[in-house]
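Written out below as structure tokens is the structure these notes cover.
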Amino acid sequence: MTTIGLVLAAIGFIYLIASMILPVMRSSKADPYSAHIGGTGGAAEVAAARYISPSERLLSPLAGTGFMQRYRRPVEIGSDFVWGSFLDRQVSIFFIALGLAFVIFHTPVLAILVGVIAPAIDYSLALRRARAYRARFLLQLPNALLLVSSGMAAGRNFVNALQATTPNLAEPIKGELEALANRISALRVTEAEAFEIWAEKLPYIELHTIASALAIGQQVGLETYGLLRSLSSSIQDEIRGRNELEALTSQVRSTATVVSYLPVFFVLLIYLVTPKFVTPLFTTVVGIVVIVIALGMNYLSRFATKRILKQIEA
């Protein structure tokens, strides 16, 4: 068991280091500015030179399934997120945790359980990072729209207003607006089309609302800066109401998380203190059946809690 564990942990460490080095080596071969100049096939060359991880390539047949879309969407938060690198980190953590669990516990069932829990913890941390990124982005979005509308009211066009506004903003909205300005200049699209492309890239409903409002405003002849000011005010009101609702439901979420993960840490603590007391739970058929039933009930309870919270938020 110890030899198997060390081999699995070594594979995880090697894959983690390789997945950190290979994207840098691949990106160094591409010209990052070729997509924004008038050269033929510049954007296609950059897309072709993008690093595709082995994990991403292996799971590509499942990319269109509902499970993979739900797995990917909560952590696809902005321009700094790379799907392939995230998958590589998940695979590396799985092998490292599985190998170390084999070395420590010498039990296959417990080792597999630890190997599954470790990527799940990493995924939950990614979800927390996604929520923090989304909160910062939506908090900065109304003020950014207001600044852009003020620049357009002073006589600038949309791209110039974006370029004049972004130096006064902080991340993450600064980097996203800079990318938006480059996209408009490179693709020669209208403001509504640029916001729609932006909305397809980021999972934020507010961006779709802005794109639809700008498209309708262009059809009826409304001024873009006036629409941006109105949208800024409405988004601020929506964010304020959403924050109040999240504050009311945060206690239920935290309680559900603690109740769900507490039995796992409790079993691990007992195993470290008195291994013989917990070993039958992983080495006998009855114990494995009990674990499966407990995991199923835990999943059902979390699923019911999430459904109830979604109905409240809707």
Side-chain angles (χ1 to χ4, degrees), residues 32 69-87 89-90 120-152 158-159 161-184 191 194-214 225 227-254 256-257 306 309-310 312-314:
Q69 290 178 355
R70 289 192 300 270
Y71 180 72
R72 175 173 181 161
R73 188 176 301 168
V75 293
E76 193 165 21
I77 55 177
S79 58
D80 61 336
F81 174 80
V82 181
W83 172 238
S85 299
F86 174 76
L87 283 178
R89 190 175 74 243
Q90 289 270 285
I121 294 175
D122 177 70
Y123 186 78
S124 65
L125 294 176
L127 286 178
R128 181 174 298 181
R129 174 173 169 262
R131 295 190 187 101
Y133 187 99
R134 184 177 185 272
R136 291 196 305 269
F137 181 88
L138 294 180
L139 185 64
Q140 295 171 341
L141 182 60
N143 294 330
L145 294 178
L146 190 60
L147 289 174
V148 173
S149 66
S150 300
M152 296 184 68
F158 187 70
V159 176
L162 281 178
Q163 294 174 347
T165 299
T166 49
N168 302 320
L169 300 175
E171 296 292 345
I173 194 69
K174 178 180 180 180
E176 296 293 347
L177 286 182
E178 288 176 348
L180 178 63
N182 293 333
R183 194 176 299 118
I184 295 175
E191 295 88 348
F195 269 99
E196 188 61 35
I197 296 174
W198 196 21
E200 292 176 356
K201 180 175 176 293
L202 294 178
Y204 303 136
I205 301 176
E206 292 78 7
L207 298 179
H208 286 285
T209 304
I210 296 171
S212 301
L214 290 177
Y225 68 87
L227 283 173
L228 291 178
R229 286 182 178 178
S230 301
L231 289 169
S232 174
S233 178
S234 62
I235 292 174
Q236 279 182 334
D237 294 337
E238 182 180 354
I239 293 173
R240 190 179 299 111
R242 187 179 300 166
N243 290 336
E244 293 177 356
L245 182 60
E246 289 181 356
L248 294 174
T249 59
S250 61
Q251 185 176 359
V252 178
R253 295 180 187 275
S254 60
T257 302
K306 289 181 179 179
L309 290 175
K310 285 183 179 180
I312 295 174
E313 293 174 353

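All of these numbers come straight from a predicted model, not from anything done at the bench.
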Minimum heavy-atom separation for [X] to [Y], with atom names?
X	Y	result
Leu227	Ala213	CD1-O, 3.6 Å
Ser232	Asn143	OG-N, 4.4 Å
Lys174	Thr166	CG-O, 3.4 Å
Ala144	Leu169	CB-CD1, 3.9 Å
Ala161	Val148	CB-O, 3.7 Å
Ala170	Gln140	O-OE1, 3.5 Å

Pairwise distance [atom1]([X]) to [atom2]([Y]) - rounded to 0.5 angstrom:
X	Y	atom1	atom2	value
Arg136	Ile173	CZ	CD1	11.5 Å
Gln90	Asp122	CD	CG	5.0 Å
Gln236	Leu146	CD	CG	7.5 Å

Taking Ser233 for the side chain and Ser230 for the main chain, is one N or O donor matched with an acceptor at less than 3.5 Å?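 Not a single qualifying donor-acceptor pair exists.
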Distance-only, no hydrogens or angles: does the Ser212 side chain make a donor-acceptor pair with backbone N or O of Thr209 under 3.5 Å?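 No.
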If you define the side chain from C-beta out and look only at heavy atoms, does anything of [X] sit under 4.5 Å from [Y]?
X	Y	result
Phe137	Glu206	no
Leu207	Leu141	yes
Ile235	Leu145	yes
Arg134	Leu138	yes

Within the 3.5 Å criterion, strictly below it, is a donor on Glu171 or Tyr133 matched to an acceptor on the partner's side chain?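 Judged by distance alone, the side chains do not pair up.
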When the ring planes of Trp83 and Tyr71 are compared, do they come out parallel, tilted or perpendicular, using 30° and 60° as the limits?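 Rings of Trp83 and Tyr71: perpendicular, over 60°.
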Residues that Arg229 engages under side chain to side chain donor-acceptor pair (under 3.5 Å), provided they are two or more places apart: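 Once residues adjacent in sequence are excluded, Arg229 has no partner under the side chain to side chain donor-acceptor pair (under 3.5 Å) criterion.
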Using the test side chain to side chain donor-acceptor pair (under 3.5 Å), find all partners of Asp237 that sit at least two apart in sequence or belong to another chain.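 Per chain and number, Asp237 pairs via side chain to side chain donor-acceptor pair (under 3.5 Å) with Arg240.
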